[in-house]
Amino acid sequence: MNRMKRPIMLLLVLLSAAGAAAQQSLAGRVYHNPNIMQKMIDEALSNKDVEAKFEQARDSVLNAARKEKGRELTADEKAKALEDFTKARKLMEGIKKGMSTTITVEFKSDKEMVMKMDMKMDEELLKAAGVPWAKRKLMKAAMAVMPAQKAQYERRGNLVICIDGNDRDTLTLSADGKELSGKMDEKTPFVLTRTK
């Protein structure tokens with residue numbers, strides 16, 4: 001019985017080694033997503049709970065204005081009462097259009113990768129949100145100086161382990177190699193599509 005187990009075990013070891021050797025190199029590949037926040041923003045804005053809260057807030061504002069006047073409101077009074085509500089709604093729509101976070105990952109070799117992140121926010125959107133001029137300029141400058149991050153990486157099957165000093169992040173490669181996914185944080189997953 002032991003004699004049969006040894007050749008089978010040897011065969012399994014050889015097959016797994018051959019499979020690892022056959023793993024395609026990532027060198028030269030580029031993965032990209034023009035806005036990793038888009039899906040999250042779209043989901044948040046189309047969320048029925050968010051919409052229900054907006055409707056509830058709108059009704060609350062109108063009820064308070066009716067109570068204050070002691071009667072039904074005219075069209076002009078309704079519009080005036082809902083000014084802040086309308087501004088908040090426009091701000092949310094502006095965020096959807098004016099915010100983006102682009103990520104590009106380029107595998108330079110079988111051990112080195114470069115990750116570029118580009119964050120943009122429309123200055124008019126910040127202005128509409130009441131962010132002071134000096135703070136807007138500081139935010140814009142901080143976003144502009146985000147350098148490309150070089151890191152070493154190891155590949156273990158479909159896992160790509162990025163190593164930057166003591167920090168380690170894990171990205172997952174799809175079975176067909178066309179997508180690379182990871183997480184910015186617990187609530188922000190992202191998927192990058194292979195472009196090269």
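Between atom CD of residue Glu106 and atom CE of residue Met115 there is a gap of 12.5 Å, rounded to the nearest 0.5 Å. Taking CG of Leu171 as the reference point, atom NZ of Lys183 lies at 12.5 Å (rounded to 0.5 Å). Atom-to-atom distance recorded for Thr101:OG1 and Met119:CE is 4.0 Å, nearest 0.5 angstrom. Considering CG of Leu62 and NZ of Lys67, their distance stands at 14.5 Å, rounded to 0.5 Å. Taking CD1 of Ile36 as the reference point, atom CZ of Phe190 lies at 6.0 Å (rounded to 0.5 Å). Note that CD of Gln56 is 11.0 Å distant from CG of Asn63, once rounded to the nearest 0.5 Å.
Sorted by first then second residue, the side chain to side chain donor-acceptor pair (under 3.5 Å) pairs that include residues 168-179, not counting sequence neighbours, are Ser174-Asp176.
Side-chain atoms of Asn33 do not come within 3.5 Å of backbone N or O of Ile103 as any donor-acceptor pair. Of the possible donor and acceptor atoms, one in the side chain of Arg155 sits under 3.5 Å from a partner among the backbone N and O of Gly157.
Of all heavy-atom pairs spanning Asp164 and Ala151, the tightest one is CB-CB, 4.5 Å. Scanning all heavy atoms of the two residues, the minimum distance from Cys162 to Met113 falls at SG-SD, 3.5 Å. Taking both residues in full, the closest heavy atoms of Arg29 and Gly177 are given as NH1-O, 3.7 Å, listed atom of the first, atom of the second, then distance. When all heavy atoms of Thr102 and Pro34 are compared, the closest pair comes out as OG1-O, 2.7 Å. Among all heavy-atom pairs drawn from Ala81 and Val61, the shortest one is O-CG1, 3.1 Å.
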Next item on the list: Could you give me the CA-CA distance, side-chain angles and deciding distance for Lys116 and Asp118, then say whether side-chain contact (heavy atoms from CB on, under 4.5 Å) is met?
Entry: CA-CA 7 Å; Lys116 297 174 193 165; Asp118 185 23; over 6 Å; no
Margin query: Set out, in order, the CA-CA distance, both residues' side-chain angles and the distance that settles salt bridge (Lys or Arg N to Asp or Glu O under 4.0 Å) for Arg66 and Glu77, then state yes or no.
Written below: CA-CA 9 Å; Arg66 277 189 207 104; Glu77 289 170 333; over 6 Å; no
Next item on the list: Check the pair Glu55 / Arg58 against salt bridge (Lys or Arg N to Asp or Glu O under 4.0 Å), numbers first and verdict last.
Entry: CA-CA 5 Å; Glu55 293 301 317; Arg58 184 181 64 83; 3.1 Å; yes
Note to self: For a side-chain contact (heavy atoms from CB on, under 4.5 Å) check, start with the C-alpha distance between Tyr153 and Leu159, then their side-chain angles and the critical distance, and finish with the verdict.
What the structure shows: CA-CA 10 Å; Tyr153 75 93; Leu159 299 179; over 6 Å; no
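Under the 4.5 Å side-chain heavy-atom criterion for grouping Ile, Leu, Val, Met, Phe, Trp and Tyr, Val30 is not connected to Val160 through any hydrophobic cluster. Val191 and Leu173 fall into different hydrophobic clusters, where Ile, Leu, Val, Met, Phe, Trp and Tyr side chains are chained together by heavy-atom contacts under 4.5 Å.
For the pair Lys69/Leu73, a side-chain contact is recorded, criterion being any heavy-atom separation below 4.5 Å from C-beta on. When side chains are defined from C-beta on, Arg156 counts as touching Ile161, because their heavy atoms get closer than 4.5 Å.
Counting non-hydrogen atoms of neighbouring residues, nucleotides and ligands closer than 6.0 angstrom, the CD atom of Glu112 exceeds 12 such neighbours.
When only modelled atom types and interatomic distance are considered, His32 and Thr195 share no side-chain donor-acceptor pair under 3.5 Å.
Residues passing the ring pair (Phe, Tyr, Trp, His ring centres under 6.0 Å) test with Tyr31: none are found, sequence neighbours excluded.
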